[in-house]
Amino acid sequence: MRMTTAEIREAFLEYFRTQNHEVVASSSLVPHNDPTLLFTNAGMNQFKDCFLGAEQRSYTRATTAQRCVRAGGKHNDLENVGFTARHHTFFEMLGNFSFGDYFKREAIKFAWEFLTVEMKLPKEKLCVTVYETDDEAFDIWNKEMGVPAEDIIRIGDNKGAPYASDNFWQMGDTGPCGPCTEIFYDHGEQHWGGRPGTPEEDGDRFIEIWNIVFMQYNRHADGTMEPLPKPAVDTGMGIERVAAILQGGHSNYDIDIFQTLIKEAANVVGTEDLDNKSLRVIADHIRSCAYLIVDGVMPSNEGRGYVLRRIIRRAVRHGNKLGATGTFFHKLVGPLAEVMGGAGEELKAQQAMVEKVLRIEEENFGRTLERGLQILSDALENLDGKVLDGETVFKLYDTYGFPADLTNDVARERGFEIDEDGFNAEMEAQRQRARDAGKFSVDYANVTAIDAQSEFTGYDKAEQWGKVIAIYKEGESVGQLLEGEEGQVILDRTSFYGESGGQVGDTGELIMQDGAFTVTDTKKSGDAILHIGYVSGGEIHVGEELTAAITEERRQAIKLNHSATHLVHAALRKVLGDHVTQKGSLVTADSLRFDFSHFEGVSVKALRTVEKLVNEQIRANNPVATRLMDIDAAKEAGAMALFGEKYDDEVRVVGMGEFSTELCGGTHVERTGDIGFFKIISEGGIAAGVRRIEAITGEVAIEAMHELGEQLDQVAALMKSDSRNIGERAQTMIERTKWLEKEVERLNAKLSAHAGASLVEDALDINGTKVIVANLEGADPKSLRDTVDQLKNKLGTGVVVLAVAKDDKVSLIAGVTKDLIGKVKAGELVNMVAQQVGGKGGGRPDMAMAGGSDVAAVPTALASVNDWLAQRL
């Protein structure tokens, strides 16, 4: 049965939909609210809170086609990608999940039925594994599915510790865990390898295609296994592996997606060798790079952006090896979006932006290569001996994207070698840093699931009568809080907004009959709203009825700023383009902060246009309408949704005229005119490809404009001008200052020349070489380099060491004429002096600079120069 990858994806989701599973969209490759992951690397990531019991959803069965990236942290096989049959940076994981619904019998039945009935895989080609002591799973496979006992392989604890088995899964060192069962496909005798559990299991004959995890225990720190009250199921099937089988191939690179991308890559780089492994690398890497950018990751020198940059540069290097000229990588985005079928819709929507980011990065890399070659040339030119140190080789690789073999080629052409052992040591140190960065951890056994639900009534109410249904103190459930005690109070209904969607939580009071609980913050935990604060009078008890009263003035100010963020978002998309999406926000009573995707700085003109559009909408005084709608209907109506955010089946849609429509659960003004006035106070980059606007509204914005006007008047008075002409007056003063600075430089040069003549006359003779050592009091440190050049020219042959102490800082410079650098190197000389004044430095053999902080030690340090030189001249 031959199927395209797109058809397999749709068939899988449709099969589980008919088995009453909710079809859930792939989550973002950037895990939201999960500090344990660098990238989304498995289908279960977005459901982690469901497995932990910290989140309740409207369904207990789910199925997904989750896009995943494994190229950083502990899941990092980047160097293998393209050269093995199944290593990828990007892959799709098809999965079905049960949150306390069905368990082993149904999970096994679904998997076996889909593979053997829906996909028509021959049963004799399949074998399965189970955890050694999982007799229940063994019997289901054998007695109910009809799998022969000899085709069911028990895998035990083969890693030296209890439950340390390939067939026992754990979310972490603690928390949910349990046995798993796997399904393997036999690719035939023509491929070397044996069944799982045999010495030949690492071969390429038997390939795992499906894994089913049975979460049935909660593991505690002491190793105790406590049965979970609601066992769960987590499965995963690699779409690329199944596609290879159904399309008659063995390698994942034989499937339709990769064959299409390989041919497109060959076309754009200009090669006809379709079997070249470099084309595999490019075909794999365009998938991870494109989808990482879609999900908001931008190339940078740290974190996720650094991983993306490495993948892009690796693809570009392989293109260059094939003879590519000019930029090519970005040209594969369109073909990728087409071949991904239904999984390519988001990529199609942002295709132009993704192409631009890739093209800019590729162009920058081209310039980086030029700089790297120059650095390599300089390093070889100043090399002592014939071996280039591993640290420099690694720097070229890490900073400039030079693979070690390229550095080795250049070095060998010039008669040098590279320190491969040193380079490998630096690489291992980097890998260790990556592993350490990937060692996110959390004690899942201590995750508290708050089994309570609060109804929020605060959209149109400042006060709400409610009942206390739970109280927490220091993480423990208690029945009461006494006066002065801190804790969290949960009500069955409340007017307090729990922090979410960028909007801060409300403050106020819970008013009891004989006291009050002061609320300093409000947050959400699952379906519960936590009122955080302290008992300011009396006592508060579970079951007590009280009045929840928010601080209305603060809430109103928050509403102004929240509504303004919606207008800002819409205005930015109109001015900069549809690629702009929200990447975060913070809405407080004082200001708003809006983060958005954009790959370059926003011009002053564009910011003014954004500000103008927002204020136009404020003056239009459009009503702010809210509607509850089905999620799909809301998207069809044009409502903006944040990709990666979790939405219920029914969502709240906030519309402001025809200008803005977004999904939002926050609080808003009744009409846009209520915002009053909007003013941007700053714009700047906070990460690669992410910009931030900070702004103010209402009375705060008006007061800020008054203060700005007062400051302008003060500056105008100091400049003996008025605020209307201050620009012209400032320009005149700047030009005058520049002229004065140049005049000072000219006079300093004259003084240096005069001082230089005197220094030459006083030069010492050390073993026949002229030496100048001087502390130039009052000199400008910036002029030291020119002074040394002049002195070297006047000496003809000799050594110069100068020092300047200014503002508790010491500046040092050493110069050596080229005929002497075989005996004396300026870098070693200046470093020797610098160490005595609390610093260090270095540079070229003929000119080197250094700094220090111990001004008092300068005379002694300079006095040591003569003896140092006498040993070398």
Side-chain angles (χ1 to χ4, degrees), residues 371-389 391-392 395-396 410-411 414-416 745 748-749 751-753 755-776 779-805 809-837 839-852 858 861-873:
R371 293 198 296 273
L373 281 171
Q374 183 59 53
I375 288 174
L376 176 56
S377 296
D378 291 344
L380 294 174
E381 183 179 331
N382 294 309
L383 193 62
D384 285 333
K386 290 294 183 180
V387 180
L388 183 63
D389 62 280
E391 185 178 352
T392 300
K395 178 183 177 183
L396 287 165
V410 175
R414 302 187 187 185
F416 296 93
E745 288 179 7
N748 278 334
L751 289 171
S752 295
S758 175
L759 290 171
V760 171
E761 292 177 2
D762 297 334
L764 300 174
D765 185 295
I766 298 179
N767 298 334
T769 298
K770 294 178 181 178
V771 176
I772 297 174
V773 181
N775 184 359
L776 303 181
D780 184 357
K782 295 179 182 178
S783 66
L784 283 178
R785 189 181 293 272
D786 290 337
T787 303
V788 169
D789 283 337
Q790 293 173 20
L791 291 173
K792 284 167 62 178
N793 289 335
K794 290 179 179 180
L795 289 175
T797 179
V799 179
V800 179
V801 179
L802 302 179
V804 173
K809 292 182 180 179
V810 180
S811 298
L812 300 168
I813 189 168
V816 180
T817 54
K818 289 192 179 292
D819 60 318
L820 295 176
I821 59 175
K823 298 179 180 180
V824 177
K825 288 183 170 52
E828 295 177 1
L829 174 54
V830 81
N831 194 46
M832 182 275 295
V833 179
Q835 288 180 5
Q836 299 179 60
V837 295
K840 61 181 180 178
R844 302 195 315 269
D846 62 327
M847 178 81 76
M849 301 189 72
V858 170
L862 292 179
S864 69
V865 171
N866 293 348
D867 290 340
W868 191 89
L869 289 174
Q871 298 174 21
R872 290 163 174 76
L873 294 173

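Just so you know, these numbers use all the heavy atoms, side chains as well, and skip hydrogens, waters and symmetry mates.
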Decide yes or no for [X] and [Y]: does some side-chain heavy atom of the first lie under 4.5 Å from some side-chain heavy atom of the second?
X      : Y      : answer
Arg785 : Met849 : yes
Leu795 : Val800 : yes
Ile766 : Asn866 : yes
Leu829 : Val799 : yes
Val771 : Val773 : yes

Let me confirm one number: the [atom1]-[atom2] distance from [X] to [Y], rounded to the nearest 0.5 Å.
X      : Y      : atom1 : atom2 : value
Leu376 : Gln374 : CG    : CD    : 9.5 Å
Lys794 : Lys770 : NZ    : NZ    : 12.5 Å
Lys818 : Met847 : NZ    : CE    : 9.5 Å
Glu828 : Trp868 : CD    : CH2   : 5.5 Å
Leu802 : Leu759 : CG    : CG    : 7.0 Å
Lys792 : Leu820 : NZ    : CG    : 10.0 Å

Shortest non-hydrogen contact from [X] to [Y]?
X      : Y      : value
Ala870 : Asn767 : O-ND2, 3.3 Å
Gly798 : Thr769 : CA-CG2, 3.9 Å
Ala814 : Ala826 : O-CB, 3.6 Å
Ser811 : Leu784 : CB-CD1, 4.0 Å
Ala834 : Gly851 : CB-O, 4.1 Å
Ala411 : Leu380 : CA-CD1, 4.1 Å

Residues that [X] engages under side-chain contact (heavy atoms from CB on, under 4.5 Å), provided they are two or more places apart:
X      : result
Ala803 : Asn775, Leu812, Val858, Leu862
Gln835 : Asn831
Ile821 : Val816, Pro845, Asp846

Evaluation steps, side chain to side chain contact (heavy atoms under 4.5 Å, CB included), between Val810 and Val804 = CA-CA 6 Å; Val810 180; Val804 173; over 6 Å; no
ask   = Given the rule in the side chain to side chain contact (heavy atoms under 4.5 Å, CB included) test, do Asp378 and Arg844 qualify, once you have shown the distances and angles that lead to the verdict?
value = CA-CA 10 Å; Asp378 291 344; Arg844 302 195 315 269; over 6 Å; no
inquiry  = Under a 3.5 Å cutoff, is there a donor and acceptor pairing between the side chains of Thr817 and Asp819?
reply    = yes
